[in-house]
Amino acid sequence: MMKIVIIGNGMVGFKFCEKLVAKAPKDSFEITVFGEEIRPAYDRVHLSEFFSGKTADDLTLAPADWYAANDIQLYLGDPVKEIDREQKKVYSIRGLSVSYDILVLATGSSAFVPPIPGVEKNGVFIYRTIEDLEMMRDWAKKTKKGAVIGGGLLGLEAAKAMIDLGITDTHVIEFAPRLMPRQIDEAGSVILKNKLESLGLKILTNTNTTAIQGEDSIKSMLFADQSSIDVDMLVISAGIKPRDELAKQAGLETGSRGGIVVNEQMQTNDKSIFAIGECALYKGMIYGLVAPGYEMAEVVADHLVGGQKTFHGFDMSTKLKLIGVDVASFGDPFVAAGDGRTVVLEDTMKGIYKRINISTDGKYLLGGILIGDADAYNMLLQTAKNKVILPPNPEDMILGARGGESSGGDSVSALPDDAIICSCESVTKENICKSVTENNCESVDEIKKCTKAGTGCGGCVPMVKDLMLHTMAANGKYVRNVICEHFHYSRQELFDLVKINQLKSYDEVLDTFGKNDGCEICKPVVSSILASLWNELILDKGNAAAQDSNDRFLANIQKGGTYSVVPRIPGGEITPDKLIVIGQVAKEYHLYTKITGGQRIDLFGAHLSDLPAIWKKLIEAGFESGHAYGKALRTVKSCVGSTWCRFGLHDSVSFAIQIEERYRGLRAPHKIKSGVSGCIRECAEARSKDFGIIATEKGWNLYVCGNGGSKPQHALLFATDLDSETCIRYIDRFLMFYIKTADPLMRTAPWLNKMEGGITYLQNVIINDSLGIVAELEREMQLLVDSYKCEWKEVVDNPELQKKFSHFVNAPEEKDPSVKFEAMREQKKVADWK
Amino acid sequence: MITTETEGKLSWFIACKTEDVPVNGGVCVKYEDRQIALFHFARRGAWYATQNECPHRNQMALSRGMIGSLDTEPKVACPFHKKTFSLETGECLNGDDYQIKTYPVKVMNGLVYIGVDGE
């Protein structure tokens, strides 16, 4: 049996054991591990969580009995002191001697401690092992002022540890002119610095510590510019130094600045000895991250079972959360002018900095930096790594989430099969897709078990999920896009179930089809389904508390906690008398007024307890609820049309009013907007709406599934030259089909984009009745149209309902005293929030 | 109508009648200068009280939020940005470093009492 000795039981040493026993048949190797620490390997990446509540056991990668179960002889607290290459034997401190055929050095690194006078004083720590952390924890009890030397990745991790230890008065001292000099640029460093300072850290860059002062214990630190700060605890976390002393002593080749020289098989200059992880020096470089260490472990394990894998350097892209701030850096973050172009997005208010570097020809992404918001990291990293050709406007990639309408599925499908999705465990796109197609994984957890993807830093999990959904769909597997942990149904399934079972309240639905107590995701979904099915007053049947807050109070909550009021103004047509009433109400209740984008008037700054009185006045004047607070039909915008316009073909205003009144109060998976234009000049911008109507010589053209907002999309031509009646019939069917089949919070545009067969399929369903459902759709819509009532009128007529509109339950006449307004342009605005 | 009775360090005051609070919903209670969100978690037969202010943007709004559960943890979601907080511990459940204050609640003879400390 081949004898394998591993020196070092850190993360990489453990990973090597794990990979080797997974690859090799039982009894093919006799494995011995020597570890210097007293604990089996633990997760050093998440070390700082030791202070936020995790125990040493939580951080342990595998307990001691795992090694026993896999026939691995593990010696802890017993470092190797000598390697005898002649005899192929190692000798431990405690006097053991073990022979090897293959020796693997996974000795890792130690903290680099700069030679500053006074580093030996009490209260000066390094940040490397659980023992270091235990000593820090004991010392921290008597500490008020802390400091960390090192503003890089590890230094900032240590600063986080100081905050977790309760030492909020902490300085971070960095020798370089900026934070994280290896990963981010000057501008990014400024944003990061501001963010960290807002959390209470004090950051000193360009600062060289010349002495650590105090008697036995640290009292202060002196800097090169003769300034000093008082400190009673210092953590040095300024970099790492490979542990190569054993290798040196054994005469193995090492680098001038440390590290055991290895070739692409991770072999040292002694063919029987390998080095992996942070102690290995490959082509002049030490890889101080866990992912390349794992890759090296893979190469050696593979080699020992006869494989041909080799190591060719490793992408050092990284994404992490530093003290609550996302920081990511990928590819070449710094590209010099001349080698590429740079797009930068900087928001000093929100503390967001994004930079992408693009090849001079604009085709490829070379690298970049993300601070404050690193959601796009995975996609950008994959785009850079796989040399995916960039879209014409690459800046779109860093403009951030757009209305939550993710198109992730499409973008992952563009990646090549060998794209590494999980870099911690080097799992490719192909591996993940195969786990779905061949091993029938149908959840991220199953994929994690099967491929190990997502088990390291977890950053790739959203992408793994996208890939899973995409692959399942591509295989014709039924993708269950379930609502939340309380309902294991898609919205469409639940819609049908609620209908068939004639359920009328949220609690009934939860008791029948859900579990536990519901949440802020399923409550509005179910409430919307109930409203779309039965059109009963949404505040009835105990459903009020299951409405999203805006629906619960029939108004839009605004900054400061006051509400805005939007009366319906169908088609944007309003009489002078009604305008006057709006003015009077606004004056009486001190409301800010603004014309909306949908041709109506929004009144802001209403106290909760004033809403019923405001609406009483509006309803007396003939207004109705505008449903601006609901996922419902908003407005039907119109141009002035043939009644006044010299180009107008038909009376667009009358048709808009007819349509708006038909669908007013209609609740849907998301808001619905419409527009009617009197001619092809399209002044009502109908093609940016969920359904838009444009007059032709012969009638109306109907367009569907347009969108303005964050992801504009023109509505597509659906049917031409319709008479008014047919046009409305098609809209009835179209809206009802959307309401029954869309996912929660999905506008019509992404609904169509996701629909297999697209607009042609939709036309077949709605116009040609390919599913045989149009009669039912029309019937269902007619029920909703016939049962419409103005919600606000019902409240105004019902004193019991009005009671719910007060801020204090025990002082209903009092308004929220925390609401503050400021004057602005002869009106008011709400005081800014922090 | 604020009645208080002292018990240990807590003083209990009458917040409202049980029927004043929507089933599985919340209301805001005024106590001196404080605003307290009171929730009737009827599905569990439980009552909870927390500070009314959401610490994310310092908005007096938690009482208007939807309640529910995360696994078994009862929670409330702020109506502004849907930050969620445990009704038991006050801990923010979205991974942000926020913590809200919770208050004990008891119900006797149709009245809801909230226990406040001397702060």
Side-chain angles (χ1 to χ4, degrees), chain A residues 52 163-164 199 321 323-324 484-486 505-507 510-511 514-524 527 539 541-553 556-563 608 800 803-804 806-812 814 816-819 830-834, chain B residues 1-2 13-17 20-31 33 35-44 46 52-80 82-84 87 93 95-97 112 114:
Chain A
S52 42
I163 293 177
D164 288 340
L199 297 167
K321 216 179 184 75
I323 321 180
C484 68
E485 65 175 86
H486 305 106
S505 75
Y506 174 77
D507 278 338
L510 183 59
D511 290 339
K515 60 171 193 177
N516 292 346
D517 307 303
C519 68
E520 72 282 359
I521 296 168
C522 58
K523 282 187 172 184
S527 298
L539 304 180
K541 296 210 163 76
N543 284 336
Q547 303 293 336
D548 214 336
S549 169
N550 283 353
D551 270 322
R552 179 171 167 198
F553 297 108
N556 294 49
I557 195 166
Q558 305 289 358
K559 260 163 122 173
T562 59
Y563 288 84
L608 184 57
E800 271 309 302
K803 266 199 205 161
K804 307 293 178 197
S806 57
H807 184 67
F808 292 115
V809 66
N810 56 344
E814 282 182 45
D816 179 359
S818 71
V819 173
V830 72
D832 268 331
W833 57 25
K834 283 174 221 163
Chain B
M1 185 198 62
I2 289 174
F13 74 96
I14 297 174
C16 59
K17 288 184 275 188
D20 293 337
V21 186
V23 170
N24 295 312
V27 292
C28 174
V29 178
K30 181 181 162 81
Y31 175 72
D33 288 339
Q35 297 195 16
I36 299 173
L38 171 66
F39 303 97
H40 182 195
F41 210 120
R43 292 190 64 83
R44 298 181 177 200
N52 191 33
E53 184 183 67
C54 174
H56 170 223
R57 292 292 183 188
N58 305 98
Q59 300 287 300
M60 288 293 183
L62 292 180
S63 57
R64 299 178 201 170
M66 285 175 277
I67 61 172
S69 58
L70 174 66
D71 203 358
T72 56
E73 189 87 10
K75 63 171 181 175
V76 59
C78 176
F80 277 93
K82 300 276 165 25
K83 298 276 175 196
T84 56
L87 292 171
L93 302 174
D96 297 303
D97 286 334
V112 187
I114 298 176

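Letters A, B, ... are given to chains in the order of the sequence lines, protein chains preceding strands, and every chain is numbered from 1.
Of all the listed residues (B:D97, B:L70, B:V23), the one sharing the greatest number of non-hydrogen pairs under 4.5 Å with chain A is B:L70. The most heavy-atom pairs under 4.5 Å with chain A, out of B:V27, B:L38, B:V21, B:V29, come from B:V29. Contact count versus chain A (heavy atoms, under 4.5 Å) is highest, among B:A42, B:P74, B:A77, B:C28, for B:C28. Contact count versus chain B (heavy atoms, under 4.5 Å) is highest, among A:G518, A:C484, A:C519, for A:G518. Most heavy-atom pairs under 4.5 Å with chain B: of the set A:G542, A:G560, A:A811, this distinction falls to A:G560. In terms of heavy-atom pairs under 4.5 Å with chain B, the best-connected choice from A:Q558, A:K804, A:K523, A:Q547 is A:K523.
Side-chain contact between B:K83 and B:R57: absent, with no pair of heavy atoms (C-beta onward) separated by less than 4.5 Å. The shortest distance between side-chain heavy atoms of B:F39 and B:L87 falls below 4.5 Å. Annotation: side chain of B:F80 is not in contact with side chain of A:S549 (no heavy-atom distance under 4.5 Å). Using a 4.5 Å cut-off on side-chain heavy atoms (C-beta onward), A:D517 and A:H486 make no contact.
A donor-acceptor contact shorter than 3.5 Å links the side chain of A:N810 to the backbone of B:K30. Put simply, the side chain of A:E485 gets close to the backbone of B:D71: a donor and an acceptor are under 3.5 Å apart.
Ion pairing between B:D20 and A:K803 fails under the 4.0 Å rule for side-chain N and carboxylate O.
Of the two parts of B:K17, neither the backbone nor the side chain holds a non-hydrogen atom closer than 4.5 Å to a non-hydrogen atom of chain A. Looking at A:N550, there are no atoms closer than 4.5 Å to chain B (heavy atoms on both sides), in backbone or side chain. Contacts of A:I521 with chain B are absent, with no heavy-atom separation under 4.5 Å from either backbone or side chain. Of the two parts of B:T84, only the side chain, counted from C-beta on, holds a non-hydrogen atom closer than 4.5 Å to a non-hydrogen atom of chain A. If you measure heavy-atom distances from B:N52 to chain A, the contacts under 4.5 Å come from the side chain alone. Contact annotation for A:Y506: neither backbone nor side-chain heavy atoms come within less than 4.5 Å of a heavy atom of chain B.
Residues A:D816 and A:S818 have side chains that bring a donor and an acceptor to within less than 3.5 angstrom of each other.
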